[in-house]
Amino acid sequence: MITEDFAAYAARVRITFPEQMAPNAMQDMLESFMSGVAMDCLEAGTRLIGHIKSVVGNDDTLIACSVTDHDAHVRCRGRFETPLKSVDIIVNVLQYGLKKRDLMSIVAECSKHCFVGSTSIVIEDLEVEEKELIRLG
Amino acid sequence: MDMVIIAGFLGSGKTTLILNSIGRISERAGKRIAIIVNDFGNIGIDGKVMEKYGLKVQELPRGCICCTLGPNFLETVRMIHDKMNPDLIVVEPSGIADPDSILATMEHYRGPPLGSIKTVVVLDAVRFPILIQAMKNPLHLQLRVADILLLTKSDEVDETRLRMMEEYARPFVGDKPIIPVSSVNGTNVDKFVETLVGQ
């Protein structure tokens, strides 16, 4: 349902840590990130969350997380099971009320705040053909 | 070859429903099934999740099959028919799609004739109050084309909410089945499969 105030943002967030992170810590950070994006959207003026969803995974594991409710409750399918030094998160933010540039800013800020101790965060917009990477660290 | 369109607002549980029912549909009806997923962004999340759980998926990323991706959608249906010749194609449009427009798009399909096209509409029971406030008209359009209406996430709401939803939706869906389902505890997933296969 596309209305005038619908906007969406799809990105790949690549996070690197100086050393391997425990699976539980990584899970907590991912869930905190997803919840944070939802809460920041609502605080910034989203009138309706459509779907904020993410997937992390490779051939062995897959963690799919989702937020749809305005209480920013995160539902995840799958969990991190092994320590990781870096992680690629594909995130889609689909909502009504904010512009895409607001969503880009929220995803960047939440990445910085939630993945504590990371040495590098690179965000790639998955909608544009000519890539412009945002480097945060 | 038949087609089932699983439509519904963003985050209403379309992917989860497919993950929890497709195996049962295949077993119950002995059907070979292909899935078309239309997701936002050029790396589709829903398709990745389905493939992880062993389903064969054809993705239509970046856009909406009810508008910009219409021709690609028709081409994909034709390609699936030619290469796989399944008994059933399940289509999961993005949650911004208007199912009526998808049906209109299918009128332009020039491949081998399809059998039936059914539309299953999923309606999020948890977010129902906010959806009827914020998305009233698009929601009504969805309800009008439903062959089966599923009230999803029924495990998270009480009976009163489900009754209220049924009363609200009944004028739009007429005598079509309205089934509360939960993919978390499996409530009525079998009933949905029986209804779909039996129709």
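Chain letters run A, B, ... following the sequence lines, proteins first and then strands; every chain starts at 1. None of these values were measured; they are calculated from a predicted model.
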Is there side-chain contact between A/Arg75 and A/Thr68, with at least one heavy-atom pair below 4.5 Å?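 Yes, side chains in contact.
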Which bit of B/Thr16 comes within less than 4.5 Å of chain A, counting heavy atoms only: side chain, backbone, both or neither?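 Both parts, heavy atoms under 4.5 Å.
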Please list all pairs meeting salt bridge (charged side-chain N to carboxylate O under 4.0 Å, His left out) that have one or both residues in residues 127-137 of chain B, counting only residues at least two apart or in different chains.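 For residues 127-137 of chain B: B/Asp124-B/Arg127.
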What pairs meet the salt bridge (charged side-chain N to carboxylate O under 4.0 Å, His left out) rule with one or both residues in residues 109-123 of chain B, with sequence neighbours excluded?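 Listed by first then second residue: nothing to list.
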Who in residues 147-156 of chain B is close to chain A, using a strict under-4.5 Å heavy-atom cut-off?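 Residues B/Lys153, B/Glu156 are the ones that qualify, each having a heavy atom under 4.5 Å from chain A.
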Any sub-3.5 Å donor-acceptor pair from [X]'s side-chain atoms to [Y]'s backbone N or O?
{"X": "B/Ser182", "Y": "B/Asn185", "value": "yes"}
{"X": "A/Asp69", "Y": "A/Asp71", "value": "no"}
{"X": "A/His70", "Y": "A/Ile49", "value": "yes"}

Partners meeting ring pair (Phe, Tyr, Trp, His ring centres under 6.0 Å) with B/Phe128 (sequence neighbours left out):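 Ring pair (Phe, Tyr, Trp, His ring centres under 6.0 Å) check on B/Phe128 returns B/Tyr168.
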At a heavy-atom separation under 4.5 Å, does A/Ile52 approach chain B through its side chain, its backbone, both, or neither?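 Neither; nothing under 4.5 Å.
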So which part of A/Ile90 gets closer than 4.5 Å to some heavy atom of chain B, the side chain, the backbone, both or neither?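 Both backbone and side chain of A/Ile90 come within 4.5 Å of chain B.
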